[in-house]
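Numbering starts at 1 and runs along the sequence shown. Worth saying up front: this structure is predicted, and the values here are computed from it rather than measured. Order of listing sets the numbers, starting from 1, for every ligand and every atom in it. In what follows, every heavy atom counts, from backbone to side chain, and hydrogens, waters and symmetry copies are set aside.
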Amino acid sequence: MSFTQWYKEMAVYQIWPRSFRDGNGDGIGDLWGVLEKLDYIKSLNVDAIWFSPLYPSPNADYGYDIADYKSIHPDFGDLELFRQVLDEAHKRGLKVFMDLVVNHSSDQHPWFKESRKSKDSPYHDYYYWRQGRKGPGARTLPPNNWTSLFEGGAWEYDANLDEYYLHLFAKKQPDLNMSNPKVRSEVKDILRFWLDLGVDGFREDVVTFIAKAPGLPNSYPRLPIANGMKYFSNRPEVYDYLKEFRDEVLKDYDCFTVGESPLTDADIALRYVTEGEGQVLNEMIAFSHMEADCFMTDMLRRPFSLRKMKRAFSDWQYKLAGKGWNALYIENHDHARIISRYGSEDYPVESGKLLAAMYILQRGTPFIYQGQEIGMTNIRLPEIGMYKDVASHNNYRIFSKLFGKKRAMELLKETSRENARTPVQWDATANGGFSSVRPWFNVNPNYTAVNVAAQENDPDSLLNFYRQLLAYRKSEPLVLYGDYLELYPKDRYFYAYERSYRGRRLLVICHFSSLFHDFTAPADMDLAEGKLLFSNYKENGLKDRGFSARPWELRVYEL
Ligand code: GLC
Ligand code: CA
């Protein structure tokens, strides 16, 4: 993790490699494609790339099931090619972060294959192998009543050993036993391997789950998904393990760490990210602001609540102020596209710009997910057979039982993370310019209208808006370091906040509605005296102390 401050000023572009760009013509995105697009990435005014997993994987969870931590999936290239990408990225001033997925490995990892050979294997204790419990009659029950996040119960039986192994995610993602010092040594070894190769840091997958409560107790009330979370989320040992990784490896490198932290509020995040001697991560990836249209999981949909979203953002902004640094994002490979969720497909450019400014102008490090910068929207695949993602199938199964198949399908279409995994739309040619052959996954048919090439030369495009916004942010201490203050927190249509720094102020006004509503600035803010820096409409007149806001209108004033 970095003990200097560079990570505070950077913006990060996330690549989900399978769908970014196919460079060798087999229909699958790869590192050849990344090489081709490095100049494009640089042109966005970002400073770093985070790669979702590039390692060899049987793809039970598209790379998040790793079979070899020190190599590159042949679909994506090889280590040599990766070195070249790293080199070329560095030449352009782009840092490179890897995805570190060590809560679990693939069941095809040699450690796991060895661990299941016998109870005496030196690898047996790399995983959570446990005996079943005696149930009623002669039945054997799994070791406890936990359920996975991706595939029913959290335990899988192995007849050869007559034992079960724990998997918090899919069956093919056995959990690594981080309490075993040998496993932690392996992790430190992996960290060193990539750092010595020259990578600049890690996004650490579900890092808050890497420790489990001793004894693995039963959990009540029983939930169909993630039952047992109080025993596997944010256990005190997580901090100890991260400190060990820091002290024994990371402190020797000028690298960045961001932990993915489901089920973690800002107060808990401060445990890890508070600056000073105790800091063990640079940033954490929050979830609460992604729950403004759902409850706990994306599939439990509710109407979008602007107030809920604002509360979540502000909570992290206030609590981390002066103590830690935020990771800011509104899209990644695990969530449906944001214009389709929090914005409006009827006003894709207007709402796309509004959403961009809304989060990028807060205090923290912005992350931009591939395709977000051109306003890609949900594909809404209509049949369960068209889905490839293990979590989507699991959700469909569970929600079919609860609400029936028809409703489950409607929910899946809106919420599946596969909406974010369609190939990037580069131009209006066949397959959206992603590949010269039929891609591994459906291209959103709107590629003819929504694509990079069409937006390149349009000064008013969403793409160019992202560029301007990111350039501005980087050059402006007011945005980088200014204080954050939310205005009108109870308002249902406007998200407005102020940033202030050394007597200068920035006012960000976001109108979350397809209708018209009046905005009135606070008494001490004279918009007519201010300088309009960003907006998403051509004419920007004022009326009284504000203006009548049009659908999804955005205005950013410096005062
Ligand atoms: C994280 C990843 C997600 C993956 C899961 C299991 O949440 O972002 O894509 O499926 O962990 O590794
Ligand atoms: Ca390819």
Side-chain angles (χ1 to χ4, degrees), residues 14-37 50-55 57-67 69 72-78 81 97-107 109 148-151 154 167-176 202-210 225-226 229 232-233 258-264 284-287 290 297-298 327 329 331-336 367 369 388-395 416-421 423-424 431 434-441:
Q14 182 194 348
I15 292 185
W16 196 75
R18 242 184 141 65
S19 286
F20 182 66
R21 158 81 189 148
D22 174 19
N24 70 346
D26 65 355
I28 299 172
D30 51 48
L31 289 172
W32 293 280
V34 173
L35 261 188
E36 276 175 41
K37 298 296 182 187
W50 147 33
F51 283 109
S52 273
L54 290 167
Y55 320 91
S57 161
N59 285 329
D61 186 20
Y62 287 105
Y64 284 89
D65 48 323
I66 298 174
Y69 286 95
I72 297 291
H73 196 303
D75 283 351
F76 301 146
D78 56 19
L81 178 59
F97 309 135
M98 296 297 267
D99 215 310
L100 179 79
V101 189
V102 291
N103 175 70
H104 44 268
S105 72
S106 161
D107 68 345
H109 194 289
S148 75
L149 281 84
F150 281 0
E151 242 183 339
H167 63 92
L168 293 184
F169 292 89
K171 290 176 191 161
K172 289 177 71 61
Q173 292 171 298
D175 278 55
L176 281 160
F202 301 92
R203 175 265 189 193
E204 306 188 359
D205 191 64
V206 290
V207 78
T208 46
F209 291 180
I210 62 173
I225 292 187
M229 59 187 144
F232 62 73
S233 174
V258 55
E260 190 203 18
S261 48
L263 310 174
T264 303
M284 295 209 93
I285 299 174
F287 275 63
M290 300 305 284
T297 154
D298 293 25
Y329 78 100
E331 279 195 13
N332 62 33
H333 63 294
D334 288 331
H335 301 284
F367 288 69
Y369 177 64
K388 297 182 188 282
D389 166 35
V390 61
S392 297
H393 282 274
N394 191 46
N395 287 335
S416 168
R417 56 185 187 166
E418 293 212 312
N419 282 307
R421 298 178 175 190
V424 170
N431 309 317
F434 164 75
S435 173
S436 52
V437 302
R438 193 190 149 107
W440 75 282
F441 195 46

Look at the N, O or S atoms of Gly33, main chain and side chain alike, and state whether any lies under 3.0 Å from the Ca ion (ligand 2).
no
Would you confirm whether Arg18, through its side chain, and Gly29, through its main-chain N or O, come within 3.5 Å as a donor-acceptor pair?
no
For OD2 in Asp30 and O in Ile28, the angle at the Ca ion (ligand 2) (nearest 10°) is 90°
Measuring to the Ca ion (ligand 2), does Asp22 have an N/O/S atom at a distance below 3.0 Å?
yes
Under 4.0 Å, counting heavy atoms only: does Arg203 come that close to any atom of ligand 1?
yes
Which atom names give the shortest non-hydrogen contact between Val101 and Tyr69, and what distance separates them?
O-OH, 2.9 Å
Name the residue from His333, Gln14, Arg203 that meets the side-chain hydrogen bond (donor to acceptor under 3.5 Å, both in side chains) definition with Asp99.
Arg203
Within-4.5 Å side-chain heavy-atom neighbours: Tyr329 and Met290
yes
Arg421: numbered ligand 1 atoms lying under 4.0 Å from its heavy atoms
9 (O)
Considering only heavy atoms, which of Val101, Asp205, Asp99, Val390 lies nearest to atom 12 (O) of ligand 1?
Asp205
Does Phe150 have a heavy atom less than 4.0 Å from any atom of ligand 1?
yes
Just by distance, no angles: are the side chains of Ser52 and Tyr64 close enough, under 3.5 Å, to form a donor-acceptor pair?
yes
Taking N, O or S atoms only and a limit of 3.0 Å, check whether Asn24 reaches the Ca ion (ligand 2).
yes
Ser392 backbone acceptor or donor facing Asn395 side chain under 3.5 Å
no
